[in-house]
Amino acid sequence: MDAALTHVLSSEAGARVADAAELRILRRLTAGFLAGLLLLPAGLSALIGAAAGLPIGVSLAVSLYLITAVALVAGTRFGARLASRAADPQADNSVDPWDYCPGLFLTLDTTGVVRGSGGRDRDMFLSFLREPLSRPFVEQVHVSDRIAFARALDDLRLGADVVVIDVRLDRPVLGLDQTQFLNVRLDMTAMRNAAGELVAVRAQMLDIEGEMKMRDAVRVKEHEAHAAHELKSRFLAAVSHEMRTPLNAILGFSDILAGEYFGKLENDRQREYVQLIRQSGAHLLSVVNTMLDMSKIEAGRYELMMESFDAAETLIECERMLSLQATAKGVKLSSRLPRGLGEITADSRALRQIVINLIGNAIKFTDAGGAVTLDAARRGSDFVVSISDTGVGIAPEKIALLGRPFTQIQDDLNRNHEGSGLGLSLVKGLTALHGGTFMIESRKGEGTVVTITLPADGSGVLNADEDNMVEFPPRLSQTVSTDKESGKAARHDQAEAKIA
């Protein structure tokens, strides 16, 4: 009997080993069935006769046996399952796994009607949504965003697997601290059959109110920054223009006094003071002009006057302009320009500003007895200018600060040098307007070399001429790299150079 019952239970349970409790119950039931199989037909035979009582009694006994056996086995298994769930809650397979995921999960049919809901935040979302089940979800969406939702649903029908959209939901009831709409993000995933046809859509809804507030705050800050930027540019332009007139007068009158056109100066101290007034005014005018050029570059209003000119002649002119300054400081200024340098297409005034600023910086930070060298060459379609010096050099950690307006590299060696910190910033801006690249390489205590590369045919300006805007203050594309063995630091785009 046990073998027969075990075979029946194992085959019914998919080859599962029969439980001992189930065997005991069926064994007792079968023993009782054997007694009933004799008593029930005998009783019926005595009442209605053997011809009808025997078959009816046997049939009733067998039926009652099977029904009771199924009920007892099912009850035993159900009780065991409840005990197992109580011991291990994670073994409960009836819990929807989506209930552990954030947000609200909706199951939509192909027409967008909600067929099911779930998710960890289901109760929170359903507390302000109109009853969504068996209704088109589009009714919950704000009118302005319904087209976006319909387009996303259509994309899923056409073959898209995932579509993510941001929509606003109407609140049926507004609280004191609530807005009319709730901003949510719908992550919609297509559910397809074996033939690839869309059968349902699983949508995860997440609250993005915090993200929207951050976007609004960023938008406000961006507007404020833009307004401050415009105000600063207008201020610099206005101040520069207003300062030019009195500065020109100071320079003119100081020249008249220095020339003694209206009478002799009484002593050398008066002549020294007049010369100091002239030098200070010239320096201040140079700073004002640089500020004005910077504000134009920053606002995208600096207009390059492109023309073809002899590059060597322009560079020699810049060298001659600064030769007296170099001689007065005891610095040797020289140039190494190859023959056949030819013509380039650029703004000649801007190129002069670039070279003069770079040579002036090199002379400023080179002690007496040092050397400053101007080099130029043609490399394919590019024109390369390099200014090297044997000056104080720049520490690797300070190179990142170069080129910022009104920023100077402060240390004991250059603290006594005058300057506004605008020179390199202007150089970078003018180089960027030409579509060129900037490179600086330096060793502390050995020297510095700055290399400018410009398209010789002016093509860089033509490519960037649509908006004439450059990043300001312009930054170099690569980070500072330091050679620990040599102490050399380089900051550059693509140009190459060597220490002179």
Side-chain angles (χ1 to χ4, degrees), residues 283 286 290 312 314-338 351-377 383-404 407-428 430-431 436-454 476 480-483 486-493 495-500:
H283 173 68
S286 174
T290 304
T314 301
L315 296 179
I316 292 174
E317 178 183 342
C318 296
E319 180 188 357
R320 290 173 179 172
M321 291 175 62
L322 294 170
S323 60
L324 292 179
Q325 178 181 342
T327 301
K329 194 175 180 182
V331 175
K332 181 182 179 181
L333 174 61
S334 60
S335 60
R336 297 179 296 195
L337 306 180
L351 181 60
R352 287 187 180 90
Q353 283 183 286
I354 291 173
V355 176
I356 289 174
N357 272 287
L358 294 178
I359 295 179
N361 273 345
I363 295 174
K364 181 191 303 184
F365 296 106
T366 301
D367 296 331
V372 176
T373 306
L374 170 64
D375 293 280
F383 175 69
V384 182
V385 179
S386 178
I387 292 90
S388 56
D389 63 67
T390 59
V392 296
I394 306 169
E397 64 274 10
K398 300 291 185 67
I399 288 185
L401 301 176
L402 290 175
R404 297 181 183 179
T407 299
Q408 290 180 291
I409 308 302
Q410 301 291 334
D411 57 33
D412 295 338
L413 293 175
N414 61 22
R415 182 66 179 173
N416 296 326
H417 296 287
E418 67 175 13
S420 59
L422 300 175
L424 278 183
S425 183
L426 180 62
V427 168
K428 290 184 179 181
L430 294 176
T431 302
T437 59
F438 176 96
M439 169 186 170
I440 182 168
E441 189 175 14
S442 181
R443 288 193 185 99
K444 183 69 175 179
E446 296 184 23
T448 303
V449 58
V450 180
T451 303
I452 302 296
T453 302
L454 305 177
L476 299 169
V480 178
S481 59
T482 305
D483 188 341
S486 63
K488 180 174 64 175
R491 189 75 183 268
H492 60 87
D493 285 340
E496 297 178 355
K498 295 180 180 179
I499 299 295

For Ala376, side-chain contact (heavy atoms from CB on, under 4.5 Å) partners two or more places apart: Leu315, Leu337, Leu341, Phe383
Any residue meeting salt bridge (charged side-chain N to carboxylate O under 4.0 Å, His left out) with Arg352, in chain and number order, not counting sequence neighbours: Glu317
When rounded to the nearest 0.5 angstrom, what distance separates [atom1] in [X] from [atom2] in [Y]?
X: Thr431; Y: Ile452; atom1: OG1; atom2: CD1; value: 4.0 Å
X: Glu441; Y: Ser388; atom1: CD; atom2: OG; value: 11.0 Å
X: Leu322; Y: Leu324; atom1: CG; atom2: CG; value: 9.0 Å
X: Lys332; Y: Ser334; atom1: NZ; atom2: OG; value: 5.5 Å

Minimal non-hydrogen separation, [X] against [Y], with atom names:
X: Val449; Y: Ser386; result: CG2-OG, 3.2 Å
X: Ser442; Y: Thr448; result: OG-OG1, 2.9 Å
X: Phe438; Y: Lys428; result: CE2-CE, 3.7 Å
X: Lys329; Y: Ala368; result: O-CB, 3.3 Å
X: Leu333; Y: Ala326; result: CB-CB, 3.8 Å

Ala371 backbone acceptor or donor facing Thr390 side chain under 3.5 Å: yes
Contacts of type side chain to side chain donor-acceptor pair (under 3.5 Å), residue Thr314, not counting sequence neighbours: none
Steps toward side-chain contact (heavy atoms from CB on, under 4.5 Å) verdict (Leu351, Leu454): CA-CA 10 Å; Leu351 181 60; Leu454 305 177; 4.1 Å; yes
For a quick test of your reading: what N or O donor-acceptor pairs under 3.5 Å do the side chains of residues 353-363 make, sequence neighbours left out?
residue : atom : partner : partner atom : Å
Gln353  : OE1  : Tyr302  : OH           : 3.2
Gln353  : NE2  : Asp293  : OD2          : 2.8
Asn357  : ND2  : Gln353  : O            : 2.7

